[in-house]
Amino acid sequence: MKIAVLQFPGSNCDQDAFHAFADALGLPAEIVWHKTTSLGGADLVVVPGGFSFGDYLRCGAIARFSPVMEALREHAANGGRVLGICNGFQILCEAGLLPGALVRNRTLEFRCLTSNLVVEDAGPDWNPQTVGQRLRLPIAHGEGNYRIDDKGLAKLKANQQILFRYADAEGNPTPQGNPNGSVDNIAGIRNEAGNVFGMMPHPERAVERIHPSLDGLAVLRALTTPAAAGASS
Amino acid sequence: MTAPANLPPNPDPVLNVEITPDLITRHGLLPGEYEKIKTILGREPNLTELGIFSVMWSEHCSYKNSRPLLKTFPVEKADTSAPYGRVLVKAGEENAGIIDIGDGWAISFKIESHNHPSAVEPFEGAATGVGGIIRDIFTMGARPVLLTNSLRFGRLESETVKRLFRGVVAGISHYGNCIGVPTVGGDVYFDESYDGNPLVNALCLGTLRHDQIKRGAATGVGNPVFYVGAPTGRDGLGGASFASRELSEESQADRPAVQKGDPFMEKLLLEACLEMMAVPGLVVGIQDMGAAGLTCSTCETASRGFAGIEIELDAVPQRETGMNSYEIMLSESQERMLVIVKRGREREIEEIFEKWDLHASRVGEVTEGDRMVVKQGGVTVADIPARSLTEDGPLYHREAKEPAYLAETRAWTPDELPDLNSLMLQDALPQMLAHPTIASKRWVYRQYDHMVQAGTVVEPGSDAAVVRLRLGDKEKFVAITNDCNGRYCYLDPHRGGQIAMAEALRNLACSGAVPLAMTDNLNFGNPYKPEVFYGLRESVRGLAEACRFFDVPVVGGNVSLYNENQNGAIDPTPVVSVVGLIEEEAHITRQYCREPGESLILLGGYPGELGGSIYLMFFHGLKTGAAPAVDLAGEKALHDTIRAAIRAGHVRAAHDLSEGGLLTAVSEMLFGKTPLGAKLDLDEIPEEARLDALLFGESQGRALLSVAPGAADAVLALAKETGVPARLIGEVTKDAELAVHCPERETAAFWRVAKLRHQWETSIESRMTRPGLDDDETD
Amino acid sequence: MKVTVFVTPKKNVLDPQGAAVGHAMASHGFPSLKQARVGKTIEIDLEAGDTPEFRASLDKICQELLSNPVIEDYRYEISEAGA
Amino acid sequence: MKVTVFVTPKKNVLDPQGAAVGHAMASHGFPSLKQARVGKTIEIDLEAGDTPEFRASLDKICQELLSNPVIEDYRYEISEAGA
Ligand SMILES: Nc1ncnc2c1ncn2[C@@H]1O[C@H](COP(=O)(O)OP(=O)(O)O)[C@@H](O)[C@H]1O
Ligand SMILES: [Mg+2]
């Protein structure tokens, strides 16, 4: 499995993502500059966190027009896997590759902490842990408040598109456990076809012994395990 | 005055005014200083030149009132046998100092203040403070890997203080988060003396290989000088606001006195500069434009390179139209750098900057001789010997006088005060923990991305932050801490300075680190007041002594004076930040107890002082007494003992005793991830000791260790060998209760740890949370 | 020519900033406040004529870049004079 | 009554957001763009009459809360109808 980590002006988790895949998972990975138009045959394209184009106007709004995004769309349309983390998730939503939008945290403050997440049932390729199990992953964002209308939410649920939800210390997706005000405590989703993933938490910050947890490994492994037949058609 | 070789008239007629005594005064220059300028030039300066001299000879750039004191700091490590810690670039030589950390790698770090801008506009002031210090670090060739900050505010009850606090934290968060450098630590104090005078000191640390060190020197006649980064606007001309008012038709309203930062621009600049500096031989010299922007960067690079420099202002990218030479030279626009490039290789730098959507503009070249020549539209608007600006500035030995109050505060004794009893104690601890200076700073650091770069090992909240450095295929761990208790310095600036260093080193020892070097930020009032200067002089004396004693060199720092308003000066606040190295990952130690059955050992005994404590201030409204005593040798023995116990594998948690004293420290050790309690049996306490001083006094030279079950005897034996007083005072329990028992005083109290923790954890955020934004938390 | 684009959060989309401003205003003595919503303006100076083609391209950029149709509405005003 | 407050960066204050938007628009085919500046609007619905006292309190809140006078200007429009 070959990994391409995109790099936009203002990306700042690109190196972290690179190290997580290359060092912690031992996979071939490379950084791809946003002005490039080819993804070099990558199987998984990672859109990393940061502040692409300064997050000016709206997070991810400007990055979606970078030259590399054309190749990314094509890759996704052909069933290739895409993972957007934090700002990457925002970019994928802005680009229309994932439904919904991410707005300012309810408190209007940036939040950096290690959050509790519960794993949802999101179909056969999504198995970082057993469904219902808890993960602890860092979050760090000012605009991670996931918004989608009722129809869209119903669709996410019906299609098993929710990856994880924020939870409290007891593992329940309560308002107390919700760091940013996201609808239904949603922390990560995927598209209907099942090959484009987006999440606000940072799995790449939870892959080494020195990190707050090792739960990112399970998440990244789940995403780099070849798709089960039919899942990404 | 005869004026040989007078310069031609300035292209902007408003600048061709006569230099009156009034203009000189309003440039902050004394008559004698003006005479010196004339002697240097051999003629009258024009207004642009006057502006250039005024900023270069300001306190901020020339340290005219503090330099003699700064010279007393040790700038090198005395022990040359140490395997690392050699100073590679010394304080004052460049934008930031550099220290060897072994294996061909080095770190560069420095602290800088942005107090005055933050008082005017807290968000932008603090944000640009962060931006400025990051530039100081990457200009050395280092990649920034961590940020910290030291903040001081007035009383948190005040709405104004809340506004400043909120703005400053948001500004730091905005800049650091966006640029992707983790803010891993810092300190925040609240005290009346900072009402209206907030302090915002920001520190950045970066890593580099020895062979990547860059200098801010202009060398090689004919080498082109490039300007890179954001275009110049009329930002920050507030410092010379008279000029904005008088020299332009445009209204004052259009002339912001504050600079606004653009962290996105700086991120691009950072990446482009590091990419450029990685090309062998391309960059001859590089310097950021901070305060005094283009002026400072041109004359300093020329001065360091023993060369001349000539620039053409028409080539300087400008954000606004019609800027004259005075405005361009004095602008404090952010996110700009000056780069001297090897002649013939211009295209290479242009290409790198184009990749990052930036421009590199050739604005001049290195010249023969020693002059800094500035032209606009081909007309010479300034022509000054560069070294006269950087080396010939005035130097003053100010008068110092011990403040009268010191006689009184030193003589104070607590005899009149009622001591604590069980009942009072029961209430006192939760209240102490809720004091904003002691309370959890979670509200602050959860707004900072403290994990980006994925190297933060010990997150904010413990004694020192610990960060893993990725150095090629090697890893190293650094610990960093900021310290300074202004109240001690108010009561005794000399001791206060020593304590700041001692406490910083204690914090490092508790994290398992060996100190490398320190950087300081001297925040004081008006140095022309003898009592203020006394505080400055004595604090520096204390710091310098401690640095020598511990053999911790000073690699750089910053001086911020005039921090005062109509209510007087701030408490003397010499903030120090010390960086240490942790040799083995296994030695990284946090302040949180880990499991029931651990033994709590108090190192350093019960000196029982009450002076200068938060307890005294909080419960009796008294800012008095002698500052806690300092015993440098005792401190050193303590630090060595802590490190030895850690290396021997005995220590599960270590925490130094500081503000709030013993009970505060024990409580904080129980606020880790696992709910735990502790049982303290304080028998054998000295007979004459007061209970309040014993439990909440702030005597120095002490720390608590939570040692592995069964290891207590080994640690006590170790302490006996090193001569550090040590006592087993209690045990960590499964029951999440803190119980204190002093049999000899017939005093006992106990608390639910969850309740104490709640008091401590929510104190600041409950004051800062705005209505309507219901706070919801995880973690 | 000067174009001002007004971008506002959609009616039924949560507007945390608006809510905060509303609360702050209320506690500042705006008692009869019903609602506050925070939007954005983008003021553009450009050299172009107000032609149907221009309006089409303006609509396009409003939809694709200046607003996010999932959560925001936009409208614009065009005036001849500069700022 | 409806009040719309327009907050814009002062003319000579750096507007990195405006610069970024201008850049993005230009690369998107707005070739003759001279400048873009990004501001804020605050739309307020309230029950109050447009009296001089009201305007005074509105000015006050604009200066103290809704704008930052150090770097921003504001103006407002008052209309009778709701949104
Ligand atoms: N308090 C201090 N202690 C030691 N060195 C200092 C102190 N203050 C300033 N310096 C040193 O003096 C030099 C000039 O400082 P400064 O003018 O703040 O740098 P910059 O021009 O980068 O802002 C720096 O090398 C700085 O480290
Ligand atoms: Mg500098």
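Naming: A, B, ... by sequence-line order, numbering from 1 per chain.
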message: Could you check whether atom CD of A/E30 has more than 12 heavy atoms from other residues, nucleotides or ligands sitting under 6.0 Å from it?
response: yes
- prompt: Heavy-atom distance under 4.5 Å between the side chains of C/Q17 and A/V103, does that happen here?
  reply: no
- request: Run the salt-bridge test on A/R64 and C/E64 with the 4.0 Å N-O cut-off and return the result as yes or no.
  value: no
More than 12 heavy atoms of other groups within 6.0 Å of C/K60 NZ: no
query: Which atom names give the shortest non-hydrogen contact between C/L65 and A/R58, and what distance separates them?
result: O-NH2, 2.9 Å
- prompt: So, do A/L57 and C/I42 sit near enough that their side-chain heavy atoms are less than 4.5 Å apart?
  reply: yes
- request: Side chain from CB out, backbone as N, CA, C, O: work out which of these in A/D149 comes under 4.5 Å of a heavy atom of chain C, or both, or neither.
  value: neither
- prompt: Taking C/L14, C/I71, C/D15 one by one, which has the highest count of heavy-atom pairs under 4.5 Å against chain A?
  reply: C/L14
query: Do C/P16 and A/N105 come close enough that some side-chain heavy atom pair is under 4.5 Å?
result: no
query: Would you find more than 12 non-hydrogen atoms of other residues, nucleotides or ligands less than 6.0 Å from A/E74 atom CD?
result: no
- prompt: Above 12 or not: heavy atoms from other molecules or residues under 6.0 Å from NZ of C/K34?
  reply: yes
- prompt: Where does C/L66 contact chain A at under 4.5 Å (heavy atoms): side chain, backbone, both or neither?
  reply: both
